[in-house]
Student: 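Below is one structure. I have some questions about it.
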Amino acid sequence: MNDLEYEELTDQLLLAVEESIERQELDLDYESNGGLLAITFADRSKIIINKQPPLQQIWVATKFNGHHFELRNGQWIDNRSGSEFWQLINDAASKQAGYPIALGTA
């Protein structure tokens with residue numbers, strides 16, 4: 001993947017997270033700025049998703065852990081746990097919110 005493809009794919013991913021929060025009218029705040037998306041929960045904890053262009057990765061920091069995702073066969077996969085991006089985001093968001101969250105779904 002070249003740098004332009006990386007930028008397009010990561011921009012699409014961050015936008016998909018934002019749109020999913022809006023579409024589901026979740027009680028979450030978010031702020032997007034320059035390749036970084038911060039999701040804030042009612043308890044003021046956050047999930048931070050940010051682009052890492054030199055490594056062509058997406059990094060995710062949750063209340064509990066940090067994760068580095070690489071694109072493999074069309075999916076963003078955590079290079080330590082092997083978790084897929086949406087699975088990890090939903091598990092972490094549900095845990096932080098205290099109720100089920102299913103981002104990335106219609």
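Since this is a predicted model, take the numbers as computed values, not measurements.
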Student: For D11 and K51: C-alpha separation, side-chain torsions, deciding distance, then whether side-chain contact (heavy atoms from CB on, under 4.5 Å) applies.
Tutor: CA-CA 9 Å; D11 286 347; K51 299 176 1 176; 2.6 Å; yes
Student: Run the salt bridge (Lys or Arg N to Asp or Glu O under 4.0 Å) test against E70 and tell me which residues pass, sequence neighbours left out.
Tutor: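 E70 satisfies salt bridge (Lys or Arg N to Asp or Glu O under 4.0 Å) with R72 only.
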Student: Looking at side-chain heavy atoms only, is the closest gap between N50 and I58 below 4.5 Å?
Tutor: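 No, too far: nothing below the 4.5 Å cut-off.
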Student: Apply side chain to side chain donor-acceptor pair (under 3.5 Å) to D43 and list each qualifying residue two or more places apart in sequence or on a separate chain.
Tutor: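 Checked D43 against side chain to side chain donor-acceptor pair (under 3.5 Å); matches are S45, K63.
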Student: Quick check: do D29 and I21 have side-chain heavy atoms less than 4.5 Å from each other?
Tutor: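 With C-beta onward as the side chain, the pair stays apart.
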Student: Are any non-hydrogen side-chain atoms of N79 and Q57 less than 4.5 angstrom apart?
Tutor: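 Yes, their side chains come closer than 4.5 Å.
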Student: Can you confirm whether T40 sits close enough to I47 that some side-chain heavy atom of one is under 4.5 Å from a side-chain heavy atom of the other?
Tutor: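 When only atoms from C-beta onward are counted, I47 and T40 do not touch, as no gap falls below 4.5 Å.
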Student: What residues, two or more places apart in sequence or in another chain, satisfy side chain to side chain contact (heavy atoms under 4.5 Å, CB included) together with D91?
Tutor: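 Residues passing side chain to side chain contact (heavy atoms under 4.5 Å, CB included) with D91: Q87.
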Student: Residues two or more places apart in sequence or in another chain: which of them pass side chain to side chain contact (heavy atoms under 4.5 Å, CB included) with A38?
Tutor: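 With sequence neighbours excluded, A38 shows a side chain to side chain contact (heavy atoms under 4.5 Å, CB included) to L36, I48, given in chain and number order.
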Student: Taking atom CG of N2 as the centre, report whether more than 12 heavy atoms of other residues, nucleotides or ligands fall under 6.0 Å from it.
Tutor: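 More than 12 within 6.0 Å, yes.
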Student: Roughly how far apart are K95 NZ and I101 CD1, rounded to 0.5 Å?
Tutor: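 Output value for this atom pair is 13.5 Å.
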Student: Applying side chain to side chain donor-acceptor pair (under 3.5 Å), name anything that partners E31, two or more places apart in sequence or on another chain.
Tutor: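 Residues passing side chain to side chain donor-acceptor pair (under 3.5 Å) with E31: none at all.
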Student: Do Y6 and P53 come close enough that some side-chain heavy atom pair is under 4.5 Å?
Tutor: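 Yes - at least one pair of side-chain heavy atoms lies under 4.5 Å apart.
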Student: State, without any angle test, whether D78 and H67 hold a side-chain donor-acceptor pair at a distance under 3.5 Å.
Tutor: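 Indeed, the side chains of D78 and H67 share at least one donor-acceptor pair under 3.5 Å.
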Student: Hydrophobic cluster membership, with links at side-chain heavy-atom distances under 4.5 Å among I/L/V/M/F/W/Y: are V17 and L88 in one?
Tutor: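 In one cluster: yes.
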Student: Checking L71 now: which residues fulfil side chain to side chain contact (heavy atoms under 4.5 Å, CB included) with it, not counting sequence neighbours?
Tutor: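 Partners of L71 under the side chain to side chain contact (heavy atoms under 4.5 Å, CB included) test: M1, L9, W76.
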Student: Please report the interatomic distance CZ(F41) to CD(Q96), rounded to the nearest 0.5 Å.
Tutor: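 It comes to 4.5 Å.
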Student: Can a donor-acceptor pair be found, under 3.5 Å and without considering hydrogens, that links the side chain of R80 to the backbone of G66?
Tutor: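 Yes, because the side chain of R80 sits within donor-acceptor range (under 3.5 Å) of the backbone of G66.
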Student: What's the separation between atom CD in E22 and atom CD in E18, rounded to the nearest 0.5 Å?
Tutor: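 E22 atom CD to E18 atom CD measures 8.0 Å (nearest 0.5 Å).
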Student: Please round to the nearest 0.5 Å and tell me the distance separating atom CG of L26 and atom CG of L103.
Tutor: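 Reported value, rounded in 0.5 Å steps: 6.0 Å.
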Student: Please determine whether the number of non-hydrogen atoms from other residues, nucleotides or ligands lying under 6.0 Å from atom CG of D27 exceeds 12.
Tutor: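 Result for CG/D27: open.
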Student: Side-chain contact, heavy-atom cut-off 4.5 Å: V60 with N65?
Tutor: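 Answer no - side chains too far apart.
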Student: If you measure from CD1 on I77 to OG on S83, what distance do you get to the nearest 0.5 Å?
Tutor: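 I77 atom CD1 to S83 atom OG measures 8.0 Å (nearest 0.5 Å).
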Student: According to the interplanar angle, ranging from 0 to 90°, do the rings of F85 and F69 count as parallel (below 30°), tilted (30 to 60°) or perpendicular (above 60°)?
Tutor: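 Geometry flag for F69 against F85: perpendicular rings.
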Student: Search all heavy atoms of D3 against all heavy atoms of Q56 and return the closest pair with its distance.
Tutor: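 Reported closest heavy-atom pair: OD1-NE2, 3.3 Å.
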Student: Taking atom CH2 of W86 and atom OG of S20, what is their separation to the nearest 0.5 Å?
Tutor: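 Here the rounded value is 6.0 Å.
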Student: Check whether any side-chain heavy atom of L37 lies under 4.5 Å from a side-chain heavy atom of Y30, and answer yes or no.
Tutor: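 In short, these two side chains touch, coming nearer than 4.5 Å.
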Student: Show, in sequence, the C-alpha distance, side-chain angles and deciding distance for I39 and I49, and conclude whether the side-chain contact (heavy atoms from CB on, under 4.5 Å) test is met.
Tutor: CA-CA 8 Å; I39 304 168; I49 306 168; 4.2 Å; yes
